[in-house]
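Down below is the structure, laid out as structure tokens.
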Protein chains: 2
Amino acid sequence: MQDWSKRKQTGEGDADSTRMALIEAGLDRFGVKGYDAASTREIAAAAGANIASIAYHFGGKEGLRRACAEYVAGLIGSVARSVFGADFEKAESAAAALPAAEARTELVNGMMRLLRFLLLQPQAKLIVRFMLREIMSPSIALDIIYGGIFRPVHRRLCALWSAATGKQMESEEVRLAVFAMLGQAVYFRIAQEVVQRRMDWREVGEAEVESISRILIANLNDSLDRDARAAGGERK
Amino acid sequence: MQDWSKRKQTGEGDADSTRMALIEAGLDRFGVKGYDAASTREIAAAAGANIASIAYHFGGKEGLRRACAEYVAGLIGSVARSVFGADFEKAESAAAALPAAEARTELVNGMMRLLRFLLLQPQAKLIVRFMLREIMSPSIALDIIYGGIFRPVHRRLCALWSAATGKQMESEEVRLAVFAMLGQAVYFRIAQEVVQRRMDWREVGEAEVESISRILIANLNDSLDRDARAAGGERK
DNA sequence: GTCTATAAACAGATAGAC
DNA sequence: GTCTATCTGTTTATAGAC
């Protein structure tokens with residue numbers, strides 16, 4: 001089992017490092033085995049801490065779960081900021097006013113950054129696993145992440161899509177097209193095990209991401225072209 | 001908790017119905033809570049059976065897990081047959097010999113049937129949840145399903161893609177394009193909770209599937225057009 | 001084939017020494 | 001703040017009655 005303690009084995013009295021080690025170990029074990037199945041003994045051992053420290057720092061197992069959820073929510077927020085821009089929450093109107101070519105470039109770049117993050121960053125595995133568990137058995141953490149991060153990001157992408165194609169911003173068609181675009185990227189992370197087997201890839205590195213990226217960007221550009229033609233036709 | 005017994009409460013001596021009730025209850029509880037977290041007491045209660053019956057019929061909890069995996073594998077197989085044709089295992093060479101227009105029609109129809117199954121059939125929820133758990137913490141069940149069903153289906157789709165576009169059948173590009181196509185459909189099932197919130201859909205019924213289908217089919221046709229143009233250019 | 005009773009291992013929580 | 005020791009409840013597995 002992985003060691004999340006990241007510190008000397010000689011009894012360290014640092015409260016914050018123990019807290020953090022417990023959260024990271026909890027995130028790992030909860031993610032792999034699920035909340036009920038992961039034992040506090042197992043988590044404490046992975047963190048290099050004592051069993052009683054969970055009760056001391058978080059009040060109990062349930063408190064550690066909440067702390068883990070808050071940590072991931074923060075992580076997802078900072079990732080969204082680095083992938084879709086530092087101000088994605090408020091950039092909707094600005095995005096809608098962009099020239100078509102610039103909006104398209106932003107969409108393509110965002111897509112590439114998202115794919116790179118999903119497939120190359122180790123954190124992504126943690127986040128995706130956490131999100132899948134939340135989707136399979138939803139808790140309040142999902143509400144927080146949806147309203148606070150997913151919805152504003154999706155709205156901004158719709159604004160960009162609208163600016164790039166001339167289609168109406170919040171139309172059903174645009175919202176679904178953005179989902180289809182995101183779905184392709186996310187799927188390659190979720191189904192990575194299966195993709196690797198089928199592609200005979202030993203690992204997914206720069207070269208493999210480049211291959212996937214080429215297809216997804218081409219698909220994105222085709223979709224945008226089609227919608228731009230359709231919107232142009234509507235105007236005539 | 002749901003009752004999977006489907007039989008009278010008066011002590012029934014039917015071994016097969018007990019077996020089946022235990023498998024269905026196990027599938028449900030393993031799917032919702034995970035293997036370790038679901039207790040045999042809970043499963044036996046949901047099946048309307050005694051705790052000891054799990055040891056008797058399956059040799060223990062692990063045996064029940066294997067029986068559930070085999071049941072789902074069979075279920076996925078029969079679904080794949082109804083969606084992608086009764087003989088998908090052996091139809092690869094036949095698919096490769098189809099005229100381009102017919103191959104394209106088969107791809108489009110398969111995609112629509114897959115989407116309809118994923119979003120409209122209640123079984124799909126069970127299957128997808130089971131597959132996600134297997135992908136998050138893989139067991140031998142994943143090997144069985146990959147080799148027995150997923151790989152042959154994917155190969156047949158690649159053969160159809162090749163016939164529809166003129167691209168080389170087992171090229172990296174074709175295999176990835178097929179993954180991207182499947183990913184869009186599967187994603188709408190996995191992220192259904194999130195999609196419903198964003199679309200303000202109370203449920204996903206015929207009308208909603210039709211909306212999604214329209215986008216995905218258009219994306220598929222665009223991808224095929226692009227690859228057909230590129231393959232035509234290569235030949236000159 | 002189904003049931004009750006029970007064994008042996010494990011869980012989370014906590015009191016108290018340091 | 002960290003540790004050991006222990007309490008209480010729950011887990012899976014199984015022996016044996018019917």
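Chain letters run A, B, ... following the sequence lines, proteins first, then strands; residues in each count from 1.
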- Query: Would you call B:Glu172 and B:Arg175 a salt bridge, taking side-chain N to carboxylate O under 4.0 Å as the test?
  - Reply: no
- Output every pair passing ring-ring contact (aromatic ring centres under 6.0 Å, His included) with a member in residues 26-54 of chain B, not counting sequence neighbours, ordered by first then second residue. B:Phe30-B:Tyr35
- Query: Hey, where does DNA chain C pair up into stems, meaning at least three consecutive Watson-Crick or G-U pairs with distances under 3.5 Å?
  - Reply: C:1-10 with D:9-18, C:12-18 with D:1-7
- Query: How close or far is atom P of D:dT10 from atom NZ of B:Lys33, stated in whole angstroms?
  - Reply: 13 Å
Taking distance alone, no hydrogens or angles, what donor-acceptor pairs closer than 3.5 Å link side-chain atoms of residues 112-119 of chain B to residues at least two apart or in another chain?
unit_1   : atom_1 : unit_2   : atom_2 : d
B:Arg113 : NE     : B:Val83  : O      : 2.8
B:Arg113 : NH2    : B:Val83  : O      : 2.9
B:Arg116 : NH1    : B:Glu206 : OE1    : 3.0
B:Arg116 : NH2    : B:Glu206 : OE1    : 3.4
B:Arg116 : NH2    : B:Glu206 : OE2    : 2.8

- Decide yes or no on side-chain contact (heavy atoms from CB on, under 4.5 Å) for A:Glu42 and A:Lys33, but give the supporting numbers first. CA-CA 11 Å; A:Glu42 175 185 0; A:Lys33 304 181 67 175; 3.2 Å; yes
- Mark up nucleotides 11-18 of chain C, 5' to 3', with B wherever a protein heavy atom is under 4.0 angstrom from a base atom, S wherever such an atom reaches only the sugar-phosphate, and - elsewhere. BBSB----
- Between B:Ile127 and B:Gln121, is any pair of side-chain heavy atoms under 4.5 Å apart? no
- Item | Pairing residues for B:Glu208 by the side-chain hydrogen bond (donor to acceptor under 3.5 Å, both in side chains) criterion, not counting sequence neighbours | none
- Return each pair, listed once, that meets side-chain hydrogen bond (donor to acceptor under 3.5 Å, both in side chains) where at least one residue sits in residues 193-205 of chain A; pairs must be two or more places apart or across chains. A:Arg197-B:Asp143, A:Arg198-B:His154, A:Arg198-B:Glu170
- Please give, in whole Å, the distance from C:dT2 C1' to B:Arg19 CZ? 16 Å
- Item | A:Asn219 side chain reached by A:Met181 side chain, heavy atoms, under 4.5 Å | no
- B:Ile43 CD1 to D:dA13 C1', straight-line distance once rounded to whole Å: 14 Å
